[in-house]
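FYI, the numbering just counts along the sequence from 1. Both backbone and side-chain heavy atoms feed into the values below; hydrogens, waters and symmetry mates do not.
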Amino acid sequence: MKKNYYFLVMVLVFCISFIFGCSTVQYVTPKNENKNFSFENLTKDNTSIEVKDYRNISQKDKLCDTLQVHLEEILNSDKMSTEQFTLQVDILDYKAYFSRSNWNADFNVNIKLIDKQNTVVFNKEIRETEKRYNMWGYGTAKEVSQQVYDKAIASIVSSVNDVLR
């Protein structure tokens, strides 16, 4: 009887660790290598960018800094503008997680474009997702995180460009 009890406890411990081991979340800081995006009417001389992180995570990454630098780099430097804007980007969610043999990534941001009179010109929530079969473990998590980041940057830029045309 004692052996059966020990065996059942071990099977239960194995099953619980297997189930929790399959639900992994990764927070990967993306690279801002993709310079194919550009704000058409937001200029470097008259635009400030504010990025805030509202994620509830225990380990902080450098996502805010990376996003801030990336958005500043793609401001239009060829144009001069008299209009002053502040682009506020609130990071609500960014993660890669493993589920059913796939790495999934979510990036959820809220963007606000504010003019010099402190009027909100534009406000939009952007949600991007990406999914990929787990071929290379955490390497796949990095790839899917980068893809969802690039998609979110493209959505931010195209949304702002559409408003300011």
Side-chain angles (χ1 to χ4, degrees), residues 1-40 42 49-76 87-113 120 122-164:
M1 178 72 178
K2 214 173 193 182
K3 279 188 173 184
N4 286 343
Y5 179 72
Y6 177 74
F7 177 74
L8 288 174
V9 169
M10 291 305 291
V11 168
L12 183 63
V13 167
F14 174 76
C15 289
I16 290 172
S17 63
F18 179 76
I19 289 169
F20 284 108
C22 290
S23 58
T24 303
V25 175
Q26 284 290 107
Y27 300 101
V28 180
T29 302
K31 297 177 180 155
N32 63 351
E33 297 170 337
N34 195 340
K35 307 287 191 254
N36 296 333
F37 310 112
S38 170
F39 290 110
E40 295 170 3
L42 285 183
I49 295 179
E50 299 172 1
V51 178
K52 295 178 184 163
D53 193 348
Y54 290 100
R55 297 175 295 162
N56 187 18
I57 59 174
S58 57
Q59 67 183 61
K60 289 293 182 182
D61 53 20
K62 296 184 179 189
L63 178 61
C64 267
D65 298 335
T66 301
L67 186 57
Q68 176 95 25
V69 168
H70 196 172
L71 293 174
E72 288 172 353
E73 286 176 353
I74 60 176
L75 287 170
N76 193 333
L87 178 63
Q88 289 181 347
V89 181
D90 297 334
I91 301 170
L92 306 175
D93 191 25
Y94 177 74
K95 68 178 177 257
Y97 55 96
F98 188 73
S99 171
R100 297 184 188 190
S101 72
N102 289 307
W103 276 103
N104 305 281
D106 296 332
F107 197 9
N108 183 8
V109 294
N110 189 63
I111 58 172
K112 281 184 192 173
L113 189 63
V120 176
F122 177 69
N123 186 10
K124 181 177 183 179
E125 186 173 341
I126 295 175
R127 292 175 176 262
E128 295 294 345
T129 61
E130 195 65 42
K131 178 179 180 179
R132 182 177 285 183
Y133 181 73
N134 184 30
M135 291 288 291
W136 308 111
Y138 289 125
T140 306
K142 288 180 181 179
E143 289 176 14
V144 78
S145 294
Q146 187 66 48
Q147 286 177 335
V148 79
Y149 174 82
D150 290 341
K151 282 173 66 174
I153 293 292
S155 293
I156 291 169
V157 171
S158 67
S159 297
V160 170
N161 285 345
D162 287 347
V163 168
L164 295 178

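K95 is linked by a side chain to side chain contact (heavy atoms under 4.5 Å, CB included) to V25, Y27, D93, Y97, D106, counting only residues two or more places apart in sequence or in another chain. With sequence neighbours left out, Y94 forms a side-chain hydrogen bond (donor to acceptor under 3.5 Å, both in side chains) with no residue at all. Every ring pair (Phe, Tyr, Trp, His ring centres under 6.0 Å) that Y138 has, sequence neighbours left out, goes to W103. With sequence neighbours left out, N161 forms a side chain to side chain contact (heavy atoms under 4.5 Å, CB included) with F39, E40, V157, R165. V28 pairs by the side chain to side chain contact (heavy atoms under 4.5 Å, CB included) definition with Q26, K142, S145, not counting sequence neighbours. With sequence neighbours excluded, the residues satisfying side-chain hydrogen bond (donor to acceptor under 3.5 Å, both in side chains) with N108 are E125. K124 pairs by the side-chain hydrogen bond (donor to acceptor under 3.5 Å, both in side chains) definition with S159, not counting sequence neighbours. K151 pairs by the side chain to side chain contact (heavy atoms under 4.5 Å, CB included) definition with E128, E130, not counting sequence neighbours. Here D61 pairs with R55 under the side-chain hydrogen bond (donor to acceptor under 3.5 Å, both in side chains) rule; sequence neighbours left out. Under the rule for a salt bridge (Lys or Arg N to Asp or Glu O under 4.0 Å), the partners of E73 that lie at least two apart in sequence or sit in another chain are K35.
When side chains are defined from C-beta on, N32 does not count as touching L71, because their heavy atoms never get closer than 4.5 Å. Here the side chains of D162 and F122 are not in contact, with every heavy-atom distance at 4.5 Å or above. A heavy-atom distance below 4.5 Å is not found between the side chains of N123 and I111. Using a 4.5 Å cut-off on side-chain heavy atoms (C-beta onward), F107 and L92 make no contact. Contact check for L75 versus I49: side-chain heavy atoms found under the 4.5 Å cut-off. In this structure, N104 and T129 have side chains that are not in contact, with every pair of non-hydrogen atoms separated by 4.5 Å or more. Side chains of L113 and L42 form a contact here, defined as non-hydrogen atoms less than 4.5 Å apart. Y149 has its side chain within reach of H70: a pair of non-hydrogen atoms, C-beta onward, lies under 4.5 Å apart.
Side-chain polar atoms of N134 and N102 form no donor-acceptor pair below 3.5 angstrom. For the residue pair Q147/E143, the side-chain donor-acceptor check at 3.5 Å is not satisfied.
The two residues M135 and T140 come nearest to each other via the heavy atoms N-OG1, 3.4 Å. When every heavy atom of E50 is checked against every heavy atom of Q88, the shortest pair comes out as OE1-NE2, 3.2 Å. Nearest heavy-atom pair across S101 and Y133 is O-CD1, 3.3 Å. When every heavy atom of T29 is checked against every heavy atom of K62, the shortest pair comes out as OG1-N, 3.3 Å.
Here SG of C64 is found 4.0 Å from CG of D53. Values are rounded to the nearest 0.5 Å.
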